[in-house]
Amino acid sequence: MENRTYTADAEPGETVTVAGWVHEVRDLGGIAFLILRDTTGRIQVKFEKDEMDDELVETGLGVARESVVSVTGDVEEEPRAPTGVEITPETVDVIAPADTELPLDPSGKVDAELSTRLDNRTLDLRGEESKAIFEIRGETLRAARDAFREADATEINTPKIVATGTEGGTELFPITYFGREAFMNQSPQLFKQLVAGSGLERVFEIGPIFRAEEHNTPRHLNEATSIDFEGAFCDASEAMDVCEQVVASVYESVAENCESQLEALDLAAEFEPPERPFPRISYEEAIERINATGELDEQLVWGDDLPTEGEKALGADVGGHYFITDWPSEIKPFYIKDHDDDPELSTGFDLMHPRMELVSGGQREHRYEQLIEGFQQQGLDPEAFEYYTSMFKYGMPPHAGWAIGGERLVMTMLELSNIREAVLFPRDRQRLSP
RNA sequence: GCCCGGGUGGUGUAGUGGCCCAUCAUACGACCCUGUCACGGUCGUGACGCGGGUUCAAAUCCCGCCUCGGGCGCCA
């Protein structure tokens, strides 16, 4: 739109055209105000009924909330206006009228349930808080990309339509690919390994993953955004270094560049980047500390996976981000390498936020024979993964990597109660549209 | 996948067998109001998810269905 001025840029003394949504009309009798909102903020448009053209007043005050209008007029300094300036209109054009009964209230005076908000996401995103979440999400991805670049990693894109899954076919969405069975990829895991073993060495990918698990919780999605890293000649410890750096710089960038958004979410006062270095707690120490909290009815023994309740107890005990390292080999996937001096212990690690798991990673099994053995032990046919395993015959360096759940990162950072808040159009057990 | 809890005007809610031709807020409509900033005031419109059952009487109890949310498992 030509000659449009953002409301935030309207300076006293200028004649401007602003365009946006009607946030509210306040009619006080002889004087009335229309609050116009655009992506930069709001500005007040003043109507003095005795002194202005009747038709102009009628148009300006007759327009329904959330209609799109453009207003041309003089910007004046006015201490009584909310932003210190207001516009005296010469013309008001209704560009797109809105129905009077809205399915939710973007001004936030009346709450709406998440389900109602998601059904009407466009309107929902006109609200300050929802908008702020996605601006911060955007900053999160930007900051992560910068951090990866600092770590010498190249951004890659791998296929989302695949012939086989990462660990078998049970939790994959099946699709038909020109008459052949195919699946939506649950993880870029195998592909990024193949690329790490190429001349690119260090790679990252930010993209969708698809999981057909029928869970129904505030922290699971069936389509999520995975932030993946894989580095050749990296061990688990070096991979954790990169992970910590990425997570920390996301927080730092958000703190630095998203002040107003944090304000909108009422987080500005307490928001701070996590304490570093992130403690690295061995699995063995983790179960001991969980048992010591006394939160669990039954004591954990070596080899148990950590139940949700245990993760929370440990999270409360640690009080910040932390890694859990050196998991028992048997509860980590076969492609995670075991310690050379102890086959019972894997190099797998998780990065935990006090509320939930954020990352899982580890050093990979890069030795061909051991990899094939791993497939067989897992009950998988190595033949089906030949495209993957064969590359391990041609000089596959040791390598390690990890994946962050992008939505979980945003969710925990912003203290969102439901992961769906962090996705524009979430896909969950029941939601397929919008 | 197993388990639990909800569905009341456009939106968010109150309501545990008769006090409910259903509460409150907001939105919407009409009128009043010249500095609001969640503007205020008066009046008004508008709802018990669907189907069946129990009962003299059902928003309320029972059954089925639909739908939403949560816990666990599993995961990111």
Side-chain angles (χ1 to χ4, degrees), chain A residues 23-35 42-52 57 62 64-66 78-84 86 98-120 123-124 127 166-167 170-171 186-189 206-228 243 247 304-312 331-333 350-353 355-361 402-412 417-420 422-423 428-431:
Chain A
H23 188 71
E24 191 163 27
V25 175
R26 285 198 270 269
D27 188 344
L28 275 64
I31 193 169
F33 305 103
L34 181 156
I35 315 299
R42 299 175 201 165
I43 199 162
Q44 175 163 289
V45 182
K46 175 182 66 177
F47 293 87
E48 283 181 298
K49 294 177 187 173
D50 290 346
E51 296 166 28
M52 289 169 62
V57 171
R65 292 158 76 227
E66 297 305 315
E78 174 49 72
R80 290 173 293 184
T83 59
E86 68 186 7
D99 282 355
T100 49
E101 295 218 316
L102 302 169
L104 59 81
D105 171 21
S107 75
K109 271 184 257 182
V110 182
D111 286 343
E113 289 191 358
L114 184 56
S115 170
T116 305
R117 292 172 44 207
L118 294 175
D119 285 339
N120 302 279
L123 274 175
D124 177 55
T166 309
E167 299 154 59
T170 54
E171 52 183 31
Q186 62 163 184
S187 163
Q189 173 68 36
I206 300 178
I209 55 170
F210 305 91
R211 307 223 164 155
E213 294 285 344
E214 297 197 36
H215 35 47
N216 189 9
T217 82
R219 60 184 184 283
H220 288 94
L221 293 163
N222 293 293
E223 177 176 350
T225 307
S226 186
I227 302 173
D228 271 82
C243 181
V247 170
D304 286 345
D305 208 341
L306 266 37
T308 304
E309 209 183 346
E311 286 179 359
K312 284 180 181 159
I331 55 176
K332 281 289 170 187
D350 287 355
L351 174 64
M352 308 296 296
H353 176 275
R355 279 175 71 193
M356 71 188 76
E357 180 180 340
L358 283 184
V359 170
S360 85
W402 44 263
I404 307 187
E407 285 81 12
R408 287 192 177 183
L409 178 60
V410 173
M411 174 189 188
T412 51
S417 60
N418 192 311
I419 197 165
R420 296 166 182 87
V423 193
D428 62 33
R429 177 74 187 85
Q430 30 270 342
R431 183 172 290 275

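Quick caveat: nothing in here was measured; it's all calculated off a predicted structure.
Between Asn216(A) and C72(B) there is no side-chain N or O to OP1 or OP2 distance below 4.0 Å. In terms of phosphate contacts, Arg219(A) brings a side-chain nitrogen or oxygen within less than 4.0 Å of OP1 or OP2 of C72(B). Proximity of Arg420(A) to the phosphate of G70(B): a side-chain N or O atom is located under 4.0 Å from OP1 or OP2. Under 4.0 angstrom from either OP1 or OP2 of A27(B) there lies at least one side-chain N or O belonging to Lys109(A). Between Thr308(A) and C74(B) there is no side-chain N or O to OP1 or OP2 distance below 4.0 Å. Ser360(A) has a side-chain polar atom (N or O) that falls below the 4.0 Å cut-off from OP1 or OP2 of A76(B).
Here the separation of U23(B) from C4(B), taken at their C1' atoms, is 29 Å to the nearest Å. Of the P atoms belonging to U11(B) and G5(B), the separation is 26 Å, rounded to the nearest Å. A47(B) and C56(B) have their C1' atoms separated by 27 Å, given to the nearest Å. Here the separation of C61(B) from U8(B), taken at their P atoms, is 15 Å to the nearest Å. Using atom P as the reference point in both G49(B) and U45(B), the two lie 22 Å apart (nearest Å). Look at the C1' atom in both C2(B) and A14(B): the space between them is 34 Å, to the nearest Å. Between C33(B) and U42(B), the two C1' atoms lie 12 Å apart (nearest whole Å). C20(B) and C62(B) have their P atoms separated by 23 Å, with the value rounded to a whole Å.
A donor atom on one side chain and an acceptor atom on the other are not found under 3.5 Å apart for Thr83(A) and Gln44(A).
As judged by a 4.0 angstrom heavy-atom cut-off over every strand, Asp305(A) is placed among residues touching the sugar-phosphate backbone only. When heavy atoms are screened at a 4.0 angstrom cut-off, Arg65(A) is found touching the sugar-phosphate backbone but no base atom. Base engagement by Lys46(A) is indicated by at least one non-hydrogen atom pair under 4.0 Å involving a base atom. Backbone-only contact: Glu113(A) has heavy atoms under 4.0 Å from sugar-phosphate atoms and none from a base. Using a 4.0 Å heavy-atom cutoff across all strands shown, Ala112(A) reaches sugar-phosphate atoms only and no base atom. Residue contacts shown for Gln430(A) are limited to sugar-phosphate atoms, with no base heavy atom under 4.0 Å away. Residue-level contact check: Leu28(A) touches the bases, meaning some heavy atom is under 4.0 Å from a base atom. Residue Glu51(A) is classed as having no contact, given no heavy-atom separation below 4.0 Å to the nucleic acid. Using a 4.0 Å heavy-atom cutoff across all strands shown, Ala64(A) reaches no nucleic acid atom at all. The residue Ser107(A) sits apart from the nucleic acid: no heavy atom pair falls under 4.0 Å. Using a 4.0 Å heavy-atom criterion, one finds that Asp99(A) contacts no nucleic acid atom at all. Nucleic acid contact class of Ile209(A) (heavy atoms, under 4.0 Å, all strands): none. Thr100(A) comes within contact range of the sugar-phosphate backbone alone, with a heavy-atom separation under 4.0 Å but no base atom that close.
Closest to the Asp105(A) side chain, of the nucleotides G69(B), U26(B), G35(B), is U26(B). Between C37(B), G73(B), G35(B), one nucleotide has an atom nearer to the side chain of Pro82(A) than all others, and that is C37(B). Side-chain atoms of Phe33(A) lie closest to G35(B) of the nucleotides U26(B), G35(B), G70(B). Among G73(B), G1(B), G35(B), the nucleotide with an atom closest to any side-chain atom of Arg429(A) is G1(B). Side chain of Leu221(A), nearest nucleotide from A76(B), G73(B), U34(B): A76(B). Side chain of Arg211(A), nearest nucleotide from C37(B), G71(B), C75(B): C75(B).
Atoms CZ and CG, on Arg117(A) and Asp124(A) in that order, are 4.0 Å from each other to the nearest 0.5 Å. With values rounded to the nearest 0.5 angstrom, Glu311(A) atom CD is found 3.5 Å from Met352(A) atom CE.
Other residues, nucleotides and ligands contribute over 12 non-hydrogen atoms within 6.0 Å of the CG atom of Asp305(A).
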Let me see the working for Met411(A) and Arg355(A) under side chain to side chain contact (heavy atoms under 4.5 Å, CB included), right down to the final yes or no. CA-CA 10 Å; Met411(A) 174 189 188; Arg355(A) 279 175 71 193; 3.5 Å; yes
Steps toward side chain to side chain contact (heavy atoms under 4.5 Å, CB included) verdict (Val247(A), Leu409(A)): CA-CA 8 Å; Val247(A) 170; Leu409(A) 178 60; 4.3 Å; yes
Could you walk me through whether Leu28(A) and Phe33(A) pass the side chain to side chain contact (heavy atoms under 4.5 Å, CB included) check? CA-CA 8 Å; Leu28(A) 275 64; Phe33(A) 305 103; 4.3 Å; yes
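Remark: Lys332(A) engages Asp350(A) in a salt bridge, criterion side-chain N to carboxylate O under 4.0 Å.
A donor-acceptor contact under 3.5 Å is not formed by the side chain of Glu101(A) with the base of U11(B). The base of C75(B) lies close enough to the side chain of Arg408(A) for a donor and an acceptor atom to sit less than 3.5 Å apart. With hydrogens and angles ignored, a donor-acceptor pair closer than 3.5 Å exists between the side chain of His220(A) and the base of C75(B).
With sequence neighbours excluded, no residue forms a salt bridge (Lys or Arg N to Asp or Glu O under 4.0 Å) with Arg408(A).
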Treat a base pair as Watson-Crick or G-U wobble with both distances under 3.5 Å, then lay out RNA chain B in dot-bracket form, 5' to 3', with | for cross-strand pairs. ((((((((.[[[..)..(.....]]].(((((.......)))))....[[[[[..)....]]]]])))))))....
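A distance-only check finds no donor-acceptor pair linking the side chain of Asp99(A) to the backbone of Glu101(A) [under 3.5 Å].
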